[in-house]
Amino acid sequence: MTIRTISTPGFNDQKPGTSGLRKRVKVFQQPHYLENFVQSVFDTVQVPAGATIVLGGDGRFYNREAIQVILKMAAANGVGRVLVGQAGILSTPAESCVIRKYQAFGGMVLSASHNPGGPEGDFGIKFNIQNGGPAPEKITEAIFERAKQLREYRILEAADIELDQLGTYALGDMQVEVIDAVRDYADLMEEIFDFAAIKALFAAGFRMKFDAMHAVTGPYAREIFIRRLGAPADSIMNANPLPDFGGGHPDPNLTYAHELVEILYGAQAPEFGAASDGDGDRNMILGKHFFVTPSDSLAIIAANATCIRGYRDGIAGVARSMPTSGAVDRVAKALNIPCFETPTGWKFFGNLMDAGKVTLCGEESFGTSSSHVREKDGLWAVLCWLNILAVKRLSVEQIVMAHWREFGRNVYSRLDYEDLPVSQANQLMQHVTEQFAHLPGQQLGSYRVHACDNFSYTDSIDGSVSRNQGLRILFEDGSRIVIRLSGTGTEGATLRIYLEAYEPDTSRHALDAQELLKELIQIALNLTQLQAITGRDKPTVIT
Ligand code: G16
């Protein structure tokens, strides 16, 4: 078999965003585009000769083709062994688990997460390092620089590998091992959670509905909930992964997971509902007629962690992304453990977890996880809730209400304005920034501005600095408005406005978040001049 060296023009648009390179499928299908990025990864990370890497994706359209290309390029770049998920599929947390378990050098994750799939949808790729987590910024920056300069890449001329059958195959001098995509992950979950207690919960007639959204978690959910925990077969829905996610938007929130939401708010609602996204790292938690915000879910898992076998000795610390509500900060204070505030992006948690400073991390963007892997983990979060419910035998709503009674409620909401022209989004950000000099001290309705800034983060472990991570308007009573542009979209700009107000008054805890945040939302709309600049009179998604 021969290794061919092929010319590439280099690409200027291969800058990884919040979580890897995400583009339209059609962009990835351009000649040399995928190869250019993959070679830039190999050149940057310098896989030691003979080392093992892991490869898998969420099964979206173009997954199979990309896997074959990457395998042949890995063989041409001196990789010793590649562990590939069966059919080319691994959920993002499962891939993180496999990298760690087999002490691989790293891995490539093929996914555009919650973005729609199919020929007209999105594709994505990112590199995860040895700890199983997304590469930090200094590596992604170097990959981007290399991608612009690259003039040739190496690829083995060989037939495609059979990905559907488990087994070991040779590709040039490299070994390809097609592994069970589910088993290692399900085994890890069984180590962390008390499966016997959850089994007993189901045996007592507890009903749940998990929506896999026709994405990667279907087979994982079937193995864990149905086979290992004995839940009735109808506890999972949309569990057959499809390359276009059935035409849907595999984002577990109140807008895109509406099928599940209708069931949980319907007459015959089960006690518990949950959903996960395209690649299985996000989660949404619902009770009967009740929505748990991701920020509250993190705080509640932290407060009840000792109910769970894997955390029964307590947690070292917690971390949250800056726009995530401060609910978990209150729990950390009560537990007397450290709480870290990082920029948006799971990659910022890696160093803290590696240093043993934090056990649980979470983000408002429906991501929660712990140091069992280095990615956020949708099914892990669902199992946390099931384990807590199995121990407490209370409803989801009762657990949340009791939490708010103890800690107060950090009322929270996020408004997304998707697909804005980039120029308008930039103009809006500029307009807000220009007001920073005179805002502090101003009274806006019932809120007085304490400070404003563009969030900047210094990693306490390696000293790296990340600037421009989001505009913050902080009020004297601890309420906040945060405004930032998403780093995961593939077209136009997505503006996110995050709102948080602390409500200690128990008699107001049952009120709707939109109602409680009405004034703060109006202040945000005035400050941003959103309607005047963008013409939009309502958000695309409210969570
Ligand atoms: C990614 C990142 C998360 C981030 C989210 C939203 O999630 O891993 O850390 O919070 O995007 O980012 P943004 O607000 O920039 O769109 P995923 O699930 O898309 O990989």
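We count ligands from 1, going down the list as the structure has it; atoms in each ligand are counted the same way.
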Heavy atoms only: which of [options] lies closest to [atom]?
atom	options	answer
atom 12 (O) of ligand 1	Thr324, Asp251, Thr18	Thr18
atom 7 (O) of ligand 1	Arg414, Gln469, Lys376	Lys376
atom 5 (C) of ligand 1	Glu363, Arg282, Arg22	Arg282

Heavy-atom nearest neighbour in the protein, as seen from [atom], with distance rounded to 0.1 Å:
atom	value
atom 14 (O) of ligand 1	Arg484 NH1, 2.6 Å
atom 10 (O) of ligand 1	Ser365 OG, 2.7 Å
atom 11 (O) of ligand 1	Thr488 CG2, 3.2 Å

*asked:* If we only consider heavy atoms of Gly367, is any one of them less than 4.0 Å away from an atom in ligand 1?
replied: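 Per 4.0 Å heavy-atom rule, Gly367 does not contact ligand 1.
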So, for [X] and [Y], which heavy atoms are closest and what is the spacing to 0.1 Å?
X	Y	answer
Asp279	Ser111	CB-OG, 3.2 Å
Gln424	Thr534	OE1-CA, 3.3 Å
Ser370	Trp380	CB-CZ2, 3.5 Å

*Within 45 degrees of the axis of the six-membered ring of Phe455 and under 6.0 Å from its centre: does Arg484 put its NZ or CZ there?*
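Cation-pi check for Arg484 and Phe455: fails.
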_Test of understanding: given a 4.0 Å heavy-atom threshold, classify the contact between Arg496 and ligand 1 as side chain, backbone, both, or neither._
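Side chain only.
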*Relative to ligand 1, is Asp281 under 4.0 angstrom through side chain, backbone, both or neither, heavy atoms considered?*
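Looking at Asp281 and ligand 1, just side chain atoms fall under 4.0 Å.
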Residue [X] vicinity, atoms of ligand 1 by number, heavy atom under 4.0 Å:
X	value
Gly487	13 (P), 15 (O), 16 (O)
Trp346	8 (O), 9 (O)
Ser113	17 (P), 18 (O), 19 (O), 20 (O)

*NZ/NE/NH1/NH2 to OD/OE distance under 4.0 Å, Lys26 and Glu120*: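 Salt bridge between Lys26 and Glu120, a charged N being under 4.0 Å from a carboxylate O: yes.
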_Donor-acceptor side-chain pairing of Asp377 and His372 below 3.5 angstrom_ =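 Yes, a side-chain donor-acceptor pair sits under 3.5 Å.
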*pair Leu386-Phe193: side-chain heavy atoms closer than 4.5 Å*: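 They are not in side-chain contact.
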*asked:* I need the Leu264 CG to Phe272 CZ distance, nearest 0.5 Å.
replied: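 Atom-to-atom, Leu264:CG and Phe272:CZ are 9.0 Å apart.
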